[in-house]
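Everything below concerns the one structure shown next.
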Amino acid sequence: VQLQASGGGLVQAGGSLRLSCTASGSFFRINVMGWYRQAAGKQREWVAAITSGGVRNYADSVKGRFTISRDNAKSTVYLQVNNLKPEDTAVYYCNAPGPGTGYWGQGTLVTVSS
């Protein structure tokens, strides 16, 4: 499984972005898709996840501001990020289940200016 993330950029606080992650390979066998993020000098942290049936879960820090969704026909998972804060600045990674820690995209950088 190969994952390709995109959609990051530089935005002002309060702004929005939509991150996308397109999967190739055996996507139809993937159940949960997730987003993680890693800020400079910090550990990677889980942000959100969605099952194949559309059940969503979010980290407390992003609840009410981020929305995860998926389009199975396009083999794509999205992360709509609204009301961005400077502390949301990080490289955002998509993740699919697999050996070890699973499969990871290359990451897309979100920078939020104050």
Validation row: [X], [Y] side chains within 4.5 angstrom (heavy atoms):
{"X": "Val11", "Y": "Thr111", "answer": "no"}
{"X": "Gln38", "Y": "Glu45", "answer": "no"}
{"X": "Val110", "Y": "Leu17", "answer": "yes"}
{"X": "Ser114", "Y": "Gln12", "answer": "no"}

Between [atom1] of [X] and [atom2] of [Y], what distance do you get to the nearest 0.5 Å?
{"X": "Leu10", "Y": "Leu109", "atom1": "CG", "atom2": "CG", "answer": "9.0 Å"}
{"X": "Glu87", "Y": "Lys42", "atom1": "CD", "atom2": "NZ", "answer": "8.5 Å"}
{"X": "Ser16", "Y": "Gln80", "atom1": "OG", "atom2": "CD", "answer": "5.5 Å"}
{"X": "Cys94", "Y": "Met33", "atom1": "SG", "atom2": "CE", "answer": "5.5 Å"}
{"X": "Leu3", "Y": "Tyr103", "atom1": "CG", "atom2": "OH", "answer": "9.5 Å"}
{"X": "Arg65", "Y": "Asn82", "atom1": "CZ", "atom2": "CG", "answer": "9.0 Å"}

Check for me whether Arg37 meets the cation-pi criterion with Tyr93, that is, NZ or CZ under 6.0 Å from the six-membered ring centre and within 45 degrees of the ring axis.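 No, Arg37 does not sit over the ring of Tyr93.
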
Is the NZ or CZ atom of Arg44 both under 6.0 Å from the centre of the six-membered ring of Tyr36 and within 45° of that ring's axis?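 Relative to the ring axis of Tyr36, which defines the angle, Arg44 lies outside at least one limit.
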
Matching residue for Ile68 among Val77, Asn57, Val81 - test: side chain to side chain contact (heavy atoms under 4.5 Å, CB included):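 Output: one option passes, namely Val77.
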
Atom of [X], atom of [Y] and distance for their closest heavy-atom approach:
{"X": "Val112", "Y": "Thr89", "answer": "N-OG1, 2.9 Å"}
{"X": "Gly102", "Y": "Trp104", "answer": "O-CD1, 3.5 Å"}
{"X": "Asn72", "Y": "Ser52", "answer": "ND2-O, 3.9 Å"}

Quick one: does [X]'s side chain have a donor or acceptor within less than 3.5 Å of a partner on [Y]'s backbone?
{"X": "Asn31", "Y": "Pro97", "answer": "no"}
{"X": "Arg70", "Y": "Ile50", "answer": "yes"}
{"X": "Asp71", "Y": "Lys74", "answer": "yes"}

Would you say the ring centroid of Phe66 lies under 6.0 angstrom from that of Trp35?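 For Phe66 and Trp35, the ring centres are not under 6.0 Å apart.
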
State yes or no: do Leu84 and Val91 share one hydrophobic cluster built from I, L, V, M, F, W and Y residues joined by side-chain heavy-atom distances below 4.5 Å, directly or via other members?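 They do not share one cluster, since no chain of ILVMFWY contacts under 4.5 Å joins Leu84 to Val91.
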
Applying a strict under-4.5 Å side-chain criterion to I, L, V, M, F, W and Y, I'd like to know whether Tyr92 and Tyr58 cluster together.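 Per the 4.5 Å side-chain linkage, Tyr92 and Tyr58 are co-clustered.
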
For Thr76 and Thr22, which I'm curious about, is there any donor-acceptor pair between the side chains at under 3.5 Å?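 The criterion, which ignores hydrogens and geometry beyond distance, is satisfied for Thr22 and Thr76.
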
Under 4.0 Å between a Lys/Arg side-chain N and an Asp/Glu carboxylate O for Asp88 and Lys85?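 No, Asp88 and Lys85 are not salt-bridged.
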
